[in-house]
Amino acid sequence: MQIQIHTGHNIEGHEALANQVSDVVAESLSRFSDNITQVDVHLSDENSDKKGGNDDMRCMIEAHLAGYHPLAVTDQAETLDQAVDGAAEKLTNLIEHTLGRRSHQASHRTDPPLSSSINSH
């Protein structure tokens, strides 16, 4: 699973931040790593020009799963750590729901197989 970190112009994108964010995301998504090809993390300060304000740190995470359209979530919080944690949790829940739904649909089909319905007419 490849993780790329992107920072807005008001976020200092130093290596320690990138490593920390990458570790949090990798740990959160580790059980889905076989299904995920790439993860993009975008960090930004939504109102840095205004100096202050609550919930102005934003984290958007987009995961590319094999066989699916990309899944994306966003979280805003007072600190980058909180925004990353919140977005990682949201993405974990979304992937769990998405993969679970496909598994459930495949195992609970009620329509007859296509070949038998063609032969019976």
Side-chain angles (χ1 to χ4, degrees):
M1 169 173 57
Q2 181 183 6
I3 299 173
Q4 295 184 344
I5 311 297
H6 308 275
T7 57
H9 63 279
N10 295 316
I11 302 289
E12 300 233 357
H14 52 78
E15 194 172 331
L17 173 64
N19 288 338
Q20 178 186 353
V21 171
S22 185
D23 288 348
V24 168
V25 172
E27 185 177 329
S28 294
L29 302 178
S30 63
R31 65 183 171 175
F32 308 113
S33 62
D34 290 344
N35 300 44
I36 300 173
T37 58
Q38 181 177 330
V39 177
D40 292 304
V41 180
H42 299 267
L43 305 172
S44 60
D45 185 345
E46 292 299 290
N47 61 356
S48 61
D49 57 331
K50 295 178 182 65
K51 298 293 179 211
N54 293 334
D55 296 346
D56 61 342
M57 296 305 209
R58 180 175 181 261
C59 176
M60 191 279 287
I61 307 176
E62 181 178 67
H64 299 263
L65 277 69
Y68 290 89
H69 291 288
L71 301 174
V73 297
T74 302
D75 195 67
Q76 286 188 226
E78 196 169 323
T79 68
L80 272 178
D81 286 344
Q82 292 169 341
V84 170
D85 288 344
E89 184 177 337
K90 286 179 181 179
L91 185 58
T92 299
N93 291 337
L94 180 59
I95 292 172
E96 199 169 65
H97 177 76
T98 301
L99 294 177
R101 185 174 60 214
R102 175 179 268 185
S103 171
H104 179 78
Q105 286 174 341
S107 66
H108 290 84
R109 290 189 63 148
T110 57
D111 56 328
L114 187 56
S115 59
S116 67
S117 63
I118 292 173
N119 293 337
S120 64
H121 290 277

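Hydrogens, waters and symmetry mates play no part in the numbers below; they use all other heavy atoms, side chains included.
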Asks: Would you confirm whether S28, through its side chain, and E89, through its main-chain N or O, come within 3.5 Å as a donor-acceptor pair?
Replies: no
Asks: Determine, using the 4.5 Å side-chain heavy-atom cutoff (strictly less than), whether F32 and L71 are members of one ILVMFWY cluster.
Replies: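 F32 clusters together with L71.
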Asks: Within the 4.5 Å heavy-atom criterion, are Q38 and Q4 side-chain neighbours or not?
Replies: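 Yes - at least one pair of side-chain heavy atoms lies under 4.5 Å apart.
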Asks: For the side chain of S30 and the backbone of E27, is there at least one donor-acceptor N/O pair under 3.5 Å apart?
Replies: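 Yes, S30 side chain to E27 backbone: donor-acceptor pair under 3.5 Å.
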Asks: Evaluate the side-chain proximity of H42 to E62: yes if any heavy-atom separation is below 4.5 Å, no if none is.
Replies: no
Asks: Just wondering, more than 12 heavy atoms not from Q2 lying within 6.0 Å of its CD?
Replies: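 Yes, the 6.0 Å shell around CD holds more than 12 heavy atoms from other groups.
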Asks: Got I3 and L29 here, is their nearest side-chain heavy-atom distance under 4.5 Å?
Replies: no
Asks: Under a 4.5 Å cut-off applied to non-hydrogen side-chain atoms, are M57 and D81 in contact?
Replies: no
Asks: According to a hydrophobic-cluster definition based on side-chain heavy atoms being under 4.5 Å apart (Ile, Leu, Val, Met, Phe, Trp, Tyr only), do M60 and I5 belong together?
Replies: no
Asks: Nearest 0.5 Å, what's the CG-OG1 distance between N93 and T98?
Replies: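 Answer rounded to 0.5 Å: 10.5 Å.
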Asks: If every non-hydrogen atom of A72 is compared with every non-hydrogen atom of L94, which pair is closest and at what distance?
Replies: O-CD2, 4.2 Å
Asks: Are side-chain heavy atoms of Y68 and L99 found at a separation under 4.5 Å?
Replies: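 Yes, side chains in contact.
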Asks: Indicate yes or no: at least one non-hydrogen side-chain atom of H6 is less than 4.5 angstrom from one of D40.
Replies: yes
Asks: Check the pair T92 / R31 against side chain to side chain contact (heavy atoms under 4.5 Å, CB included), numbers first and verdict last.
Replies: CA-CA 9 Å; T92 299; R31 65 183 171 175; 3.4 Å; yes
Asks: Between I61 and A87, what is the shortest heavy-atom contact and its length?
Replies: CD1-CB, 3.7 Å
Asks: With rounding to the nearest 0.5 Å, note down the distance linking CG in L80 to CD1 in I11.
Replies: 4.5 Å
Asks: Atom NE2 of residue position H69 - does it have more than 12 heavy atoms of other residues, nucleotides or ligands inside 6.0 Å?
Replies: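 Not more than 12 within 6.0 Å, no.
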Asks: Less than 4.5 Å apart, any side-chain heavy atom of V25 and any of M1?
Replies: no
Asks: Side chains of Q76 and T74: any donor to acceptor distance under 3.5 Å?
Replies: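 No.
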Asks: Between CG of D45 and NE2 of H9, what distance do you get to the nearest 0.5 Å?
Replies: 8.5 Å
Asks: How many angstroms lie between CG in L43 and CG in N10, if you round to the nearest 0.5 Å?
Replies: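 Interatomic distance, L43 CG to N10 CG, rounded to 0.5 Å: 12.5 Å.
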